[in-house]
Asks: 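Encoded as structure tokens, here's the structure I'll be asking about.
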Amino acid sequence: MKTYEYKETTALFRRAAKVIPCGVYGHFAPAPYVPVDHYPFFANRAQGSKFWDVDGNEFIDYMCGYGPIILGYNHPVVDEAFQAQIKEVDTTSIATPQLVELAELMVDMITIADWAFFAKNGADTTNYAVTIARAATGRPKIIAFKGGYHGTSPWMQAPGHHGVTKDDLRNIIRLDWADFAQLERAIDENDGQVAGLIASPYHHPIFSDNAEPEPGYWQKVEQLLRKKGIVFIVDDIRCGFRLNLCGSNELYGFKPDLICFCKAMANGYPISALVGTDALKTDTAKVFHTGSYWFGGAYMAAAIACLKEMQRIDAPKILKEKGEKLFNGMTDIAKGHGLTLSVTGHPSMAYPKIIDDPSLMLHQDICGESTRRGAFFASHHNWYITTEHTDEDIQRTLDIFDDAIKAVKKQNAR
Ligand SMILES: Cc1ncc(COP(=O)(O)O)c(C=O)c1O
């Protein structure tokens, strides 16, 4: 199979490194992409399940913008809604009616939602949620789980993160995922001090196995938090709308007080939402939180169209079926080569990993070789799929994966 070259990517990256810290920063940075020369870093075009890089190479995409693309790139229904509204009005000096329409739709869709609030990025909503928890309880501390990611504000980072001080983390209690006894102990030791607990519906740390909750786990947490008057915040930014259109908590049978949404909400158009229960509506109204672009009517129109389209086609069902097909196929191919692919997390956004080499070099090499053959695989992060990934895309991906394993085995045999 032909392997790609990245002359234009390399030239652009050299220019970027001169004028941009890190060249390409944040989660699009090259750092986790090893071997780095197997990956593209600049795209020119995208459509459906695919994007094309600046060298003209075509990729079946399994990162989907790290989650925002759920209905496929350039989805006509969402794009038309956006275009129609942006021609009329987007950001102006007052809100547009889409603000109300979108809030009504989300209150209708999301089981626990009595109200909705909109921003741009995921961290806008996780920051708001913890502030609301503190305002509502008058307490300072927030419980989160080790390896959980809620954005890049200092309080959300692990100790030792560059630029983060002890003071930033003073009121954050980081616990092991799914250790209920540890959670009970932490709440007892900080009696009357804990304002909220923030967690994703299931654990999806990078470079590590993902973990769905054991049956009954969230129900026990919910009961404990209610008893102690602690606000229960679900960060559904990554899982939202991929697992369940009523909130991912519904899949696992529990009810939080606040849910943060962002990725997948508008198929790539920038918008995020915090939804909550009536009990927190007054305190939420008291906490001032806003941003220059948070009232963009066109982005809200895109979200309305995306949410309705996901409902119409039952997007989570399609994603689960496609994910199962992909990961079952990959597991069989790995097995055929005497390798083990572990697949953790929900099939619609699982984290696949070749586990035969604990250093992860083998896994990284196979992901890199697959990418330079046209299937964009990340080795460090859960993957994503869109409703537009076709059976042909999946079959082509399996062929690429097979060829990539053969290539890596050949290289390692030298
Ligand atoms: C679970 C989770 N929470 C919060 C965030 C932060 O979202 P944003 O980068 O849009 O601020 C992310 C982003 O990847 C995320 O995956």
Side-chain angles (χ1 to χ4, degrees), residues 22 24-29 31-32 61-70 117-133 142-158 161 164 172 174 177-178 196-213 218 232-244 247-249 251-252 256 258-275 289-294 296 299 302-303 306 344-346 348-351 378 380-385:
C22 217
V24 179
Y25 42 84
H27 57 304
F28 282 12
D61 192 6
Y62 290 99
M63 287 310 285
C64 303
Y66 279 72
I69 308 302
I70 187 165
F117 174 100
F118 305 105
K120 280 285 151 197
N121 285 293
D124 299 333
T125 66
T126 50
N127 270 318
Y128 196 28
V130 301
T131 313
I132 292 165
I142 299 293
I143 294 176
F145 293 105
K146 290 174 198 165
Y149 180 72
H150 306 296
T152 59
S153 297
W155 71 262
M156 303 165 182
Q157 308 307 323
H161 199 88
V164 173
I172 305 299
R174 284 264 181 189
W177 162 256
L197 176 146
I198 184 165
S200 44
Y202 77 79
H203 202 40
H204 41 54
I206 56 167
F207 284 113
S208 307
D209 290 350
N210 290 195
E212 291 194 83
W218 279 131
F232 192 178
I233 305 161
V234 162
D235 175 346
D236 215 0
I237 287 164
R238 216 179 282 184
C239 302
F241 311 109
R242 289 187 181 270
L243 272 50
N244 190 304
S248 303
N249 53 293
L251 183 68
Y252 302 119
L258 296 170
I259 310 179
C260 308
F261 292 107
C262 178
K263 297 172 192 282
M265 186 176 153
N267 202 44
Y269 289 98
I271 186 162
S272 57
L274 180 70
V275 305
H289 197 46
T290 190
S292 297
Y293 299 104
W294 290 10
Y299 300 88
C306 183
T344 54
H346 193 273
S348 68
M349 47 178 287
Y351 179 49
H380 63 293
H381 197 286
N382 71 275
W383 293 8
Y384 298 97
I385 196 160

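Just so you know, ligand 1 is whichever comes first in the structure, and atom 1 is the first atom listed for that ligand.
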Asks: Do Lys120 and Trp294 have side-chain heavy atoms sitting under 4.5 Å apart?
Replies: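 With C-beta onward as the side chain, the pair touches.
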Asks: Show me which atoms of ligand 1 lie under 4.0 Å from any heavy atom of Ile237.
Replies: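 Those qualifying, in numeric order: 2 (C), 3 (N), 4 (C), 5 (C), 12 (C), 15 (C).
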Asks: Side chains of His204 and Tyr149: does their closest heavy-atom pair fall under 4.5 Å?
Replies: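 Side-chain contact under 4.5 Å: no.
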Asks: Taking it one step at a time, do Tyr384 and Arg238 satisfy side chain to side chain contact (heavy atoms under 4.5 Å, CB included)?
Replies: CA-CA 10 Å; Tyr384 298 97; Arg238 216 179 282 184; 2.6 Å; yes
Asks: Does any N/O atom on His204 come nearer than 3.5 Å to any N/O atom on ligand 1?
Replies: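 In this structure, His204 places no N or O atom under 3.5 Å from an N or O of ligand 1.
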Asks: Answer yes or no: does an N/O atom from Tyr149 fall short of 3.5 Å to an N/O atom of ligand 1?
Replies: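 It does: an N or O of Tyr149 is found under 3.5 Å from an N or O of ligand 1.
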Asks: Specify the protein heavy atom at minimum distance from atom 3 (N) of ligand 1: its residue, its atom name, and the distance to 0.1 Å.
Replies: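 Looking at atom 3 (N) of ligand 1, the protein heavy atom closest to it is Asp235 OD2, 2.6 Å.
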Asks: Hey, does His150 come in under 3.5 Å of ligand 1, counting only N/O atoms on both sides?
Replies: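 For ligand 1, there is no N or O atom that lies under 3.5 Å from one belonging to His150.
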Asks: Show me which atoms of ligand 1 lie under 4.0 Å from any heavy atom of Lys263.
Replies: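 Near Lys263, meaning under 4.0 Å from one of its heavy atoms, ligand 1 has 13 (C), 14 (O), 16 (O).
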Asks: Taking the ring centre of each residue, are Tyr202 and His346 less than 6.0 Å apart?
Replies: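 No - the distance between ring centres of Tyr202 and His346 does not fall below the 6.0 Å cut-off.
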Asks: Between Ala123 and ligand 1, is there a nitrogen or oxygen pair with a distance under 3.5 Å?
Replies: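 Yes, at least one N or O pair falls under 3.5 Å.
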Asks: A side-chain contact here means heavy atoms from C-beta on lying under 4.5 Å apart; do Pro205 and Asn210 qualify?
Replies: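 Yes. Closest side-chain heavy atoms under 4.5 Å.
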Asks: Closer than 4.0 Å and a protein heavy atom, does any atom meet both conditions relative to atom 10 (O) of ligand 1?
Replies: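 Yes; the ligand atom in question has protein heavy-atom contact below 4.0 Å.
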Asks: Would Asp235 and Thr126 count as a side chain to side chain donor-acceptor pair (under 3.5 Å) if you check the C-alpha gap in whole Å, the side-chain angles of each, and the deciding distance to 0.1 Å?
Replies: CA-CA 7 Å; Asp235 175 346; Thr126 50; 5.5 Å; no
Asks: Polar-atom distance check: Arg238 versus ligand 1, any N or O pair below 3.5 Å?
Replies: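 Yes.
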Asks: Can an N or O of Gly122 be found at a distance shorter than 3.5 Å from an N or O of ligand 1?
Replies: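 So ligand 1 has an N or O lying under 3.5 Å from an N or O of Gly122.
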Asks: Return the option from Gly151, Ser153, Gly240 holding the heavy atom at the smallest distance from atom 6 (C) of ligand 1.
Replies: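 Shortest heavy-atom distance from atom 6 (C) of ligand 1: Gly151.
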Asks: Decide if atom OH of Tyr25 counts as having more than 12 heavy atoms of other residues, nucleotides or ligands within a radius under 6.0 Å.
Replies: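 Atom OH in Tyr25 is not packed in, count stays at 12 or less.
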Asks: Do Tyr128 and Cys260 have side chains that approach each other closer than 4.5 Å (heavy atoms only, starting at C-beta)?
Replies: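 No, side chains not in contact.
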